[in-house]
Amino acid sequence: MIRGVIFDVDGVLLNSMPVWENLGELYLNRLGVEAEKDLGEILFAMSLEEGAEYLISHYGIEKTPEEIVRGLNREVQEFYEKRVPLKEGVRQYLQEFRDRKVPMAIATSGDRKNAESALKRLKILSYFQGIFTCSEIGSSKSQPDIYYAAALQLDTDPSETWVFEDALHALKTAKQAGFKTVGVYDQASDRNLAQIWNTADIYLPGFKDFNLFWKRASA
């Protein structure tokens with residue numbers, strides 16, 4: 001039974017990987033500096049603060065780490081406001097859930113402002129009854145608090161609430177908390193693909209054939 005649905009944002013609703021993969025290059029381009037070929041891989045595992053220190057030491061940028069972090073954040077904000085696309089098929093799934101009167105909410109570890117600006121531009125913000133962020137809840141997705149808060153908003157029991165996630169640790173958390181889980185493919189999680197497949201109640205390589213998903217989830 002599907003009484004409610006909770007969606008992650010990055011990697012599930014939005015194809016937001018490009019900005020995180022190319023953030024350093026985008027920032028350097030604005031400064032007229034050519035980035036090394038594998039900069040995205042180097043910075044991906046770093047925090048913004050660590051990345052700023054790397055750019056200063058490696059490229060000799062005459063800015064403080066705080067100035068660089070602000071610049072990196074501006075690049076991210078602009079991407080969400082103007083360019084980040086929906087994943088293919090997402091809009092159909094949202095409309096199908098709405099047509100079936102299944103309430104939806106968002107649980108994201110990302111920034112609220114970025115999520116809202118992207119979803120508003122893409123004209124899907126109105127599908128959701130609420131947006132919950134890890135920073136506002138006060139815990140990461142290694143803890144189930146954000147999912148419980150979203151389910152409370154939806155007024156649904158976890159056992160009848162489906163959580164769409166692309167990250168293995170988030171899927172494990174939701175499942176252990178009693179939620180039904182949908183693993184959504186995203187390139188960023190390739191290294192955990194087999195575990196995601198085996199952990200999720202349903203695995204979606206893409207948002208296709210909603211009726212097949214509905215039949216499996218309702219069984």
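Note that this is a predicted model, so its numbers are computed, not measured.
Within the model, atoms CD1 of Ile68 and CD of Glu62 stand 11.0 Å from one another, a figure rounded to the nearest 0.5 Å. Going from atom CZ of Arg121 over to atom CG of Leu86 covers 8.5 Å, rounded to the nearest 0.5 Å. The CD atom of Glu116 sits 8.5 Å away from atom CD1 of Ile106, with the distance rounded to the nearest 0.5 Å. For the atom pair Leu26 CG and Arg74 CZ, the distance stands at 13.5 Å (nearest 0.5 Å). Rounding to the nearest 0.5 Å gives a distance of 13.5 Å between CZ of Arg216 and CG of Asn211. Interatomic distance, Leu193 CG to Gln187 CD, rounded to the nearest 0.5 Å: 11.5 Å.
With a 6.0 Å radius and a threshold of 12 heavy atoms from other residues, nucleotides or ligands, Glu49 has its CD atom above the threshold. Applying the 6.0 Å contact sphere to CZ of Arg191 captures no more than 12 heavy atoms from other residues, nucleotides or ligands.
In this structure, Lys180 contributes its side chain and Glu160 its backbone to no donor-acceptor pair below 3.5 Å. The main-chain N or O of Asn114 is found under 3.5 Å from a side-chain atom of Ser117 such that the two form a donor-acceptor pair. Ser57 places a side-chain N or O within donor-acceptor distance of the main-chain N or O of Tyr54, the cut-off being under 3.5 Å. At least one donor-acceptor pair under 3.5 Å links the side chain of Arg91 to the backbone N or O of Leu122. Side-chain N or O atoms of Thr64 include one that pairs as donor or acceptor with a backbone N or O of Glu67 at under 3.5 Å.
Within the 4.5 Å cutoff, the side chain of Leu13 has no heavy atoms near those of the Asp8 side chain. Leu28 has its side chain out of reach of Glu25: every pair of non-hydrogen atoms, C-beta onward, lies at least 4.5 Å apart. Two residues are said to be in side-chain contact when any heavy atoms from C-beta on lie closer than 4.5 Å; Glu41 and Glu21 fail this criterion. No side-chain heavy atom of Val5 sits under 4.5 Å from any side-chain heavy atom of Thr161. The shortest side-chain heavy-atom distance between Ile6 and Trp162 does not fall under the 4.5 Å cut-off. Val102 is listed as a side-chain neighbour of Trp214, based on a closest heavy-atom distance under 4.5 Å. Looking only at side-chain heavy atoms (C-beta outward), Phe79 and Leu23 stay at 4.5 Å or farther from each other. Asn15 is not listed as a side-chain neighbour of Val84, based on a closest heavy-atom distance of 4.5 Å or more.
The salt bridge (charged side-chain N to carboxylate O under 4.0 Å, His left out) test applied to Asp186 returns Lys87, not counting sequence neighbours.
What you find for Ile146 and Lys141 is that their closest heavy atoms are CG2-CG, 4.2 Å. Smallest separation of non-hydrogen atoms from Pro65 and Ala52: O-CB, 3.7 Å. When every heavy atom of Gly183 is checked against every heavy atom of Ala200, the shortest pair comes out as N-CB, 3.3 Å. Of all heavy-atom pairs between Asp166 and Ser189, the closest is O-OG, 2.9 Å.
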Before giving the answer on side chain to side chain contact (heavy atoms under 4.5 Å, CB included), spell out for Glu36 and Tyr59 the whole-Å C-alpha distance, their side-chain angles and the decisive distance to 0.1 Å. CA-CA 10 Å; Glu36 59 201 290; Tyr59 291 92; 2.7 Å; yes
Test side-chain hydrogen bond (donor to acceptor under 3.5 Å, both in side chains) on Glu165 and Tyr147; report intermediate values, then the result. CA-CA 11 Å; Glu165 284 280 2; Tyr147 302 118; 2.6 Å; yes
Output, in order, the C-alpha distance, side-chain angles, deciding distance and verdict of side-chain hydrogen bond (donor to acceptor under 3.5 Å, both in side chains) for Tyr80 and Asp10. CA-CA 11 Å; Tyr80 280 87; Asp10 294 300; 2.4 Å; yes
Please assess Glu66 against Arg70 for the test salt bridge (charged side-chain N to carboxylate O under 4.0 Å, His left out), listing each intermediate value before the final yes or no. CA-CA 6 Å; Glu66 292 76 17; Arg70 286 196 294 270; over 6 Å; no
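Criterion: ILVMFWY side-chain heavy atoms under 4.5 Å apart, direct or through other members. Under it, Val12 and Phe97 are part of a common hydrophobic cluster. Two different hydrophobic clusters hold Leu168 and Met17 under the rule that ILVMFWY side chains link at heavy-atom gaps under 4.5 Å. In the hydrophobic cluster analysis, where Ile, Leu, Val, Met, Phe, Trp and Tyr join through side-chain heavy atoms closer than 4.5 angstrom, Val76 is grouped together with Leu39. By the rule that hydrophobic residues join a cluster once side-chain heavy atoms approach within less than 4.5 Å of another member, Val182 and Ile2 end up as members of one cluster. Note on Ile61: it clusters hydrophobically with Ile42, by side-chain heavy-atom contacts below 4.5 Å among ILVMFWY residues.
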Please list, one pair per line, the donor and acceptor atoms closer than 3.5 Å that link side chains of residues 127-138 to other protein atoms, with sequence neighbours excluded.
residue: Tyr127; atom: OH; partner: Gln95; partner atom: OE1; Å: 2.6
residue: Thr133; atom: OG1; partner: Ser135; partner atom: OG; Å: 3.3
residue: Thr133; atom: OG1; partner: Glu136; partner atom: N; Å: 3.2
residue: Thr133; atom: OG1; partner: Glu136; partner atom: OE1; Å: 3.2
residue: Glu136; atom: OE1; partner: Arg112; partner atom: NE; Å: 3.2
residue: Glu136; atom: OE1; partner: Arg112; partner atom: NH2; Å: 2.9
residue: Glu136; atom: OE2; partner: Arg112; partner atom: NE; Å: 2.8

Would you be so kind as to tabulate the donor-acceptor pairs closer than 3.5 Å made by side chains of residues 201-210, with sequence neighbours excluded?
residue: Asp201; atom: OD2; partner: Thr181; partner atom: N; Å: 2.8
residue: Asp201; atom: OD2; partner: Thr181; partner atom: OG1; Å: 3.1
residue: Asp209; atom: OD1; partner: Leu212; partner atom: N; Å: 3.2

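Of the N and O atoms on the side chains of Thr173 and Ser142, not one donor lies less than 3.5 Å from an acceptor on the other residue.
One finds a salt bridge joining Glu78 and Arg83 here, because a Lys/Arg side-chain nitrogen approaches an Asp/Glu carboxylate oxygen to under 4.0 Å. A salt bridge does not link Arg3 to Asp155: none of the charged nitrogens lies less than 4.0 Å from a carboxylate oxygen.
Taking the six-membered ring for Trp, Phe7 and Tyr93 have ring centres at least 6.0 Å apart.
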